[in-house]
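So the structure is just underneath, and the comments pick up after that.
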Amino acid sequence: MGAIARYVGDIMNRILVKTVLENLNPGSTATVGGWVRTCRVSKGGFAFITINDGSCLAALQIVADATLANYEGEIVKLSAGCSVLVTGEVVESQGKGQRVELKAGELRVLGWADPADYPIQPKHHTMEFLRTQAHLRARTNTFGAVARVRNAVSAAIHEFFQSRGFIYLHTPIITASDCEGAGQLFRVSTLPAGQEPKDQAGAIDWSQDFFARKAYLTVSGQLEAETYACALGNVYTFGPTFRAENSNTPRHLAEFWMVEPEMAFCDLQGDARVAEEFLKYVFSAVLTRCPDDMQFFNERVDKTVLATMEHVLGNDFVRLSYTEAVDRLVKSGKTWNYPIQWGLDLQTEHERYITEEVFGKPVIISDYPASIKAFYMRMNDDQKTVAAMDVLVPRIGEIIGGSQREDRLDVLNERMRAMNLEPDSYWWYCDLRRYGSVPHAGFGLGLERVVQFITGMANIRDVIPYPRTPRSAEF
RNA sequence: UCCCCGAUAGCUCAAUCGGUAGAGCGAGCGGCUGUUAACCGCUAGGUUCUAGGUUCAAGUCCUAGUCGGGGAGCCA
């Protein structure tokens, strides 16, 4: 067995750097493992080695002196990226910058990292460069903090719904619904490329494909979630979602994670109320659990994120109808690149004006014209608008899109025909309205956009470990 | 997909009117130091994204492409 095997006992007993820094007092003994951030060798016969193990933003300072057997042979040669296992005594730090440090009694080098070619130097790197080193970028302060915040957000999402009795539902990744109205789909096929079997008309014969029909990666679990909501009451999905849109922006991914609660016996007002409570719960949880990481983002990434979080938590979201929003935009006196007119969708510039300049906080816009929204949204009594709502936040724009669903079969059929959709291919979706239909509502939230909003990270590709975007699927 | 901008040392950038490529950081070596993005000195390090073109001469100008960034659309 190799070198690692000999250390298994110590590895299993290691203590997190976070624990040492926050909980251990001078006099304790500890074994920690981590990756070297910096190593400064003093001719006075000792070396300062800071290591990080991902458990927290801060690094632990190790003091190793020349009495250690491998001091000259190994310790003085340590550099950024090396992995080490250190056992020593927690002591009060003589220097500034840390409460305690670890005086090494034994320092084992588990893995070297040649400083001549280790890509993560102890200096500023651009996000663009780190994206090309996605397998190592988690070792930086920024990406470690992003990973911890993303984790805290994910945990908070489950907690919020679980504590309210929602059932976590796993909707299919592969779907045969090819027109959910949410953009381009990735096709899933096992037919040999270029040699697909043809039917008599010369078209590809999909009946010979794996699923005996065309299949795709899901763009939303909503329709399936509705069926379970109409049996279990409140459910939520939380999983990967795919869009084959050729979108090249700092806010779009081809593969991203989406949360989609769906609630039976719920109308649009209830939907909006849950959306607001939900966002506030998640923001609050991150502030509570990742204070150091949030402080870091506030200092190094975006100096407004903490104030924004506090502001959002301390204020009610603004409720505004689409009609009122259009009215405000018309009367703003501003000149727009895109026209404002009742019946046209709001553009990014309009949404940002409302949420950033008019109110300076999240805004929930509701009751959009039916003509610009999906077939499944419930027609309002005015016969012109549907019970849809978008939650808009400063800087990001739309973070949540939701609606009360059309629960009347005849109205749904009418809407589908008006949008050139074939009700027969949605037979199971229509069945929900045929048998025991109930008012229900839900919304979808992009996980990465929430993490972006919370951390202030400018590009969505930097809040997911391995971003998939047009022409990019490295790693 | 559309518009704009960019690509020069490992990284971040500079290079005047088109005139023969430089700095900081990092790295190597040496010095100094309870240090903490340590500090000081020396050294090495380049097919200037690719392919064409203009010119006596191209990092610089032109054309096409590739990749990256910003904005827009689509959306979460």
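Not measured: the values here are computed from a predicted model. Excluded from the calculations below are hydrogen atoms, water molecules and symmetry mates; all remaining heavy atoms, backbone and side chain alike, are included.
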Listed pairs, N/O of protein and of nucleotides 6-9 of chain B, under 3.5 Å:
none

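- Less than 4.0 Å separates RNA chain B from at least one heavy atom of each of the following residues of residues 336-345 of chain A: A/Tyr338.
- The phosphate of B/rA72 has neither OP1 nor OP2 within less than 4.0 Å of any side-chain N or O from A/Gln347.
- Sorted by first and then second residue, the pairs that involve residues 127-139 of chain A and meet side chain to side chain donor-acceptor pair (under 3.5 Å), not counting sequence neighbours, are A/Tyr118-A/Arg139, A/Arg131-A/Asp462, A/Arg137-A/Asp462.
- Here salt bridge (charged side-chain N to carboxylate O under 4.0 Å, His left out) pairs that include residues 54-72 of chain A, with residues two or more places apart or in two chains, are A/Asp65-A/Lys103.
- Applying the 4.0 Å criterion to OP1 and OP2 of B/rC75, one finds that A/Ser247 has every side-chain N and O outside that range.
- Helical stems involving RNA chain B, defined as 3 or more consecutive Watson-Crick or G-U pairs under 3.5 Å, span B:1-7 with B:66-72, B:10-13 with B:22-25, B:27-31 with B:39-43, B:49-53 with B:61-65.
- A donor N or O paired with an acceptor N or O is not found under 3.5 Å between the base of B/rC25 and the side-chain atoms of A/His124.
- When the ring pair (Phe, Tyr, Trp, His ring centres under 6.0 Å) test is applied to A/Phe143, no partner is found at least two apart in sequence or on another chain.
- For the segment residues 39-53 of chain A, residues with any heavy atom less than 4.0 angstrom from an atom of RNA chain B are, sorted by number, A/Arg40, A/Val41, A/Ser42, A/Lys43, A/Phe46, A/Phe48.
- Pairs engaging residues 364-379 of chain A under the salt bridge (charged side-chain N to carboxylate O under 4.0 Å, His left out) rule: A/Lys373-A/Asp390, A/Arg378-A/Asp407 [sequence neighbours left out].
- Legend: residues meeting ring pair (Phe, Tyr, Trp, His ring centres under 6.0 Å) with A/Tyr338, ordered by chain and number and at least two apart, are absent.
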Interface polar pairs with nucleotides 67-70 of chain B, N/O, under 3.5 angstrom:
residue, atom, partner, partner atom, Å
B/rG69, OP1, A/Arg131, NH1, 2.2
B/rG69, OP2, A/Arg461, NH1, 3.3

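- Every pair passing salt bridge (charged side-chain N to carboxylate O under 4.0 Å, His left out) that includes a residue from residues 143-158 of chain A is listed here, sequence neighbours excluded: A/Arg148-A/Asp293, A/Arg150-A/Glu448.
- For residues 71-112 of chain A, the set of pairs meeting the ring-ring contact (aromatic ring centres under 6.0 Å, His included) definition, not counting sequence neighbours, is empty.
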